[in-house]
Amino acid sequence: MDEAQPKAQAAPAPKKKGGLLKKILLVVVLLVAAGGGGAWWMLRAESPKAEPGPETRGLVPFEPFLVNLTGSGGAQFLKVNLQLVVESAHVATEIEETPVMLMQVRSAILELLTEQTAPTLVTQEGKQALKNAIKERAKAHLHGREVLDVLFAEFVVQF
């Protein structure tokens, strides 16, 4: 009997560490999942908004322009009817309801048109360059408002 007791004392039952390890692993997995979900939610909220479509943009119309072209001696002219595309209908209304701003833009466009030549305007590149120049000239008088595009409704070059 003396020998049986030391054996019982020498081999105590080991404690199970697997249960504690499983709990720690579960907590870590839950923290990682919660952190990933939180990061996804915050990044999704901060992602840039899609550019507004054409249905939300505004148009600023102008009366038709009729100008003599440079170097023509009055024999060549341009008749153009155009509209400026701005970021919203609200901005378009603001511009239209501010007569001084509207006339400043019209005057700047008129001055630009009189600087053009007929051979340049009849090419696609010439028309595109004119659109870009109109956007820049108009922007200078719109107090921070952007001109997104210039639309020609009528474009006649008389030689």
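Values below: every heavy atom of this structure, side chains too, minus hydrogens, waters and symmetry copies.
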Test side-chain contact (heavy atoms from CB on, under 4.5 Å) applied to V105 and L142, step by step: CA-CA 8 Å; V105 172; L142 293 178; 3.6 Å; yes
side-chain contact (heavy atoms from CB on, under 4.5 Å) evaluation trace for F152 with I134: CA-CA 11 Å; F152 294 131; I134 290 171; 4.3 Å; yes
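Interatomic distance, H90 NE2 to I95 CD1, rounded to the nearest 0.5 Å: 10.5 Å. Here the CG atom belonging to L110 is positioned 11.0 Å from the CZ atom belonging to F62, to the nearest 0.5 angstrom. Rounded to the nearest 0.5 angstrom, K127 NZ and L121 CG are separated by 7.5 Å. Here the straight-line distance linking atom CD of E146 with atom CD of E87 works out to 7.0 Å at 0.5 Å rounding. To the nearest 0.5 angstrom, L78 atom CG is 5.5 Å from L113 atom CG.
Between the K131 side chain and the V150 main chain, a donor and an acceptor come within less than 3.5 Å of each other. Counting only distance, with no hydrogens or angles, the side chain of Q116 and the backbone of L112 share a donor-acceptor pair below 3.5 Å. The backbone N or O of M101 lies less than 3.5 Å from no partner atom in the side chain of T98, so there is not a single donor-acceptor pair. A donor-acceptor contact shorter than 3.5 Å is absent between the side chain of T117 and the backbone of L69. Judged purely by atom type and a 3.5 angstrom limit, R106 uses its side chain to pair as donor or acceptor with the backbone of E63. Judged by distance alone, with hydrogens and angles left aside, the side-chain atoms of T93 form a donor-acceptor pair with the main-chain N or O of A89 at under 3.5 Å.
Between S107 and E111, some side-chain heavy-atom pair lies under the 4.5 Å cut-off. A 4.5 Å side-chain heavy-atom check between V67 and F77 finds every atom pair outside the cut-off. Counting only heavy atoms from C-beta outward, the side chains of E96 and P61 approach each other to under 4.5 Å.
Heavy atoms only, all atoms of each residue included: F159 and P119 are closest at CE2-N, 4.3 Å.
Partner of L82 under the side chain to side chain contact (heavy atoms under 4.5 Å, CB included) criterion, chosen from L130, L151, I109: I109. In summary, of the residues considered (L148, V91, L59), a side chain to side chain contact (heavy atoms under 4.5 Å, CB included) with V86 occurs for V91 alone.
Ion pairing between a basic and an acidic side chain is recognised when a charged N comes within 4.0 Å of a carboxylate O; K79 and E154 show such pairing. Taking the charged nitrogens against the carboxylate oxygens, E94 and R145 do have a contact shorter than 4.0 Å, which makes a salt bridge.
Connectivity analysis of hydrophobic side chains (ILVMFWY, heavy atoms under 4.5 Å, direct or indirect) links L26 to L30.
Neither L66 nor M103 shares a network with the other; the hydrophobic side chains, linked directly or stepwise wherever heavy atoms of I, L, V, M, F, W or Y lie under 4.5 Å apart, form separate groups for each. V29 and L21 fall into different hydrophobic clusters, where Ile, Leu, Val, Met, Phe, Trp and Tyr residues are linked whenever their side-chain heavy atoms come under 4.5 Å apart, directly or through other members.
By the 6.0 Å contact criterion, NZ on K139 is open, its count of non-hydrogen atoms from other residues, nucleotides or ligands being 12 or less.
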